[in-house]
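Structure first, then comments.
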There are 2 protein chains.
Amino acid sequence: MAGRRGDTRERIQRVALELFVEQGYEKTSLREIAERLGVTKAALYYHFRTKEDIVHSLVADLSAALDELLEWAGERPRAREEVLRRFAALVDQRFGPVMEFVQQNMPAMRELGLKHTLGEKLAELFQLICADDEDPATQLRARLALVALILGANPMFSSGRVAPPPRDVALEVALELAVPRRSGGSAT
Amino acid sequence: MAGRRGDTRERIQRVALELFVEQGYEKTSLREIAERLGVTKAALYYHFRTKEDIVHSLVADLSAALDELLEWAGERPRAREEVLRRFAALVDQRFGPVMEFVQQNMPAMRELGLKHTLGEKLAELFQLICADDEDPATQLRARLALVALILGANPMFSSGRVAPPPRDVALEVALELAVPRRSGGSAT
DNA sequence: GTCTATAAGTGGATAGAC
DNA sequence: GTCTATCCACTTATAGAC
């Protein structure tokens, strides 16, 4: 770790996300973020106008990635399986911590208007893997497919003695939930 | 202990839970609770020693109900279906708001030591419907069965355009996930 | 049981020097 | 870009009157 100055903005984002996940958004003060970074509060305000702006910048990346996936899928109506695969990849590889933060701090997301935004995108994603006119049980299974993929980031179901499911297992179960098997269907 | 000290204590609990669900735990001040109740902050402190005590009293009821279910099930190793039914009844009938509060305010639960407590009970419940030595996919399906039942209380998956599943559908899907079908499965 | 008044502290945010 | 110093709204919690 040499003196890498110039990337302070990204360092703030990284440390803030760390603390938000550890302690929650409300309990994390700008003083703590500044301390862990080795700067003062005032320095933070040079890079971000408000505390809320830090969160916005964090979620914007996730939001953009979801938009990209939605756009990609919009042109390929039959790519249900691949949509799930790519969603799983997003959650596992780059946005795991952000997803965890979002899920664990819903009241803050709501107040910042981010719950609605992300909720809409999730709803669109849901519609891609399950038609509106499917029966309720099929719709619920499709929703659970998405839950299976983000369960590792869910606080209630990946804590204590219960470990998060391995990636490949999550994907396998998600596929069987969202892609109803046909009698000669392709297996994974 | 027994005996009636007026219903103010219960009114505080009710209003506090209301506001905690609306705004989140951290954003809800004792002043707001007092105002909505038509009393002053100081009156609150007559009934509860701290803000945290209010939460403890709220979660204690849920905790006791889960203990009761666990005890009941402990004596009936084969009652997997009935366990799920009773869990669903708890979530739907009496503890829906508390469950929502708990799920939406994980950082607060963690800080109050309640996340661990509830997590342990959930883990025990999980073990009741799925043996430890089952394969990972079966375990994940069992976990999703529980998720299906509390999805109505989950902020990420019951918002905006996506309505919570009807409870009978949730139970149906939960049963098919946690209780592997034998030949000729029964519908509804 | 409920009130008024206040203590004691923390938070986010700003101004202006360097 | 980062600092020191400060402001002020608001919080939990307590003391003591009625």
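Residue numbers start from 1 in every chain, and the chains themselves are labelled A, B, ... in the order their sequence lines are given, proteins ahead of strands.
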Next item on the list: Could you check how far CG of A:Leu44 sits from C1' of D:dC3, rounded to whole Å?
Entry: 13 Å
Checklist line | Sub-4.5 Å side-chain heavy-atom contact between B:Leu144 and B:Val173 | finding: no
Margin query: So if I take residues 109-117 of chain B and measure heavy-atom distances to DNA chain C, which residues fall below 4.0 Å?
Written below: none
Notebook entry, point to check: Taking atom C1' of C:dT2 as reference, at what distance in whole Å does atom OH of B:Tyr46 sit?
Noted result: 10 Å
Notebook entry, point to check: Does any donor atom in the side chain of B:Gln104 or A:Arg110 lie under 3.5 Å from an acceptor atom in the other side chain?
Noted result: yes
Notebook entry, point to check: B:Gln23 and A:Glu111: side-chain donor and acceptor closer than 3.5 Å?
Noted result: no
Next item on the list: Might you confirm whether atom CZ of A:Arg167 has over 12 heavy atoms from other residues, nucleotides or ligands at distances under 6.0 Å?
Entry: no
Next item on the list: Take atom CZ of B:Phe48 and atom C1' of C:dG1, then tell me their distance rounded to the nearest Å.
Entry: 14 Å
Checklist line | Flag, side chain of A:Glu134 to backbone of A:Gln139, donor-acceptor distance under 3.5 Å | finding: no
Hey, what are the protein-to-nucleotides 11-13 of chain C N/O distances that come in under 3.5 Å?
residue	atom	partner	partner atom	Å
C:dG11	OP2	A:Arg31	NE	3.4
C:dG12	OP1	A:Lys51	NZ	3.0
C:dG12	OP2	A:Leu30	N	3.0
C:dG12	N7	A:Lys41	NZ	3.3
C:dA13	OP2	A:Tyr45	OH	3.0
C:dA13	OP2	A:Lys51	N	3.0
C:dA13	O5'	A:Tyr45	OH	3.3
C:dA13	N6	A:Lys41	NZ	2.9

Check: Would you say A:Lys27 has more than 12 foreign heavy atoms packed within less than 6.0 Å of its NZ?
Finding: no
Item checked: Whole-Å gap separating P (C:dT2) and CD (B:Glu35) -> 17 Å
Checklist line | B:Glu10 CD to C:dG1 P, straight-line distance once rounded to whole Å | finding: 13 Å
Next item on the list: Can you measure from CG (B:Leu90) to CE (B:Met99) and round to the nearest 0.5 angstrom?
Entry: 9.5 Å
Checklist line | Atom CD of A:Glu68 with >12 non-hydrogen neighbours under 6.0 angstrom | finding: no
Item checked: Nucleotide nearest B:Thr40 when distance is taken to its side chain, options C:dA15, C:dC3, C:dT2 -> C:dC3
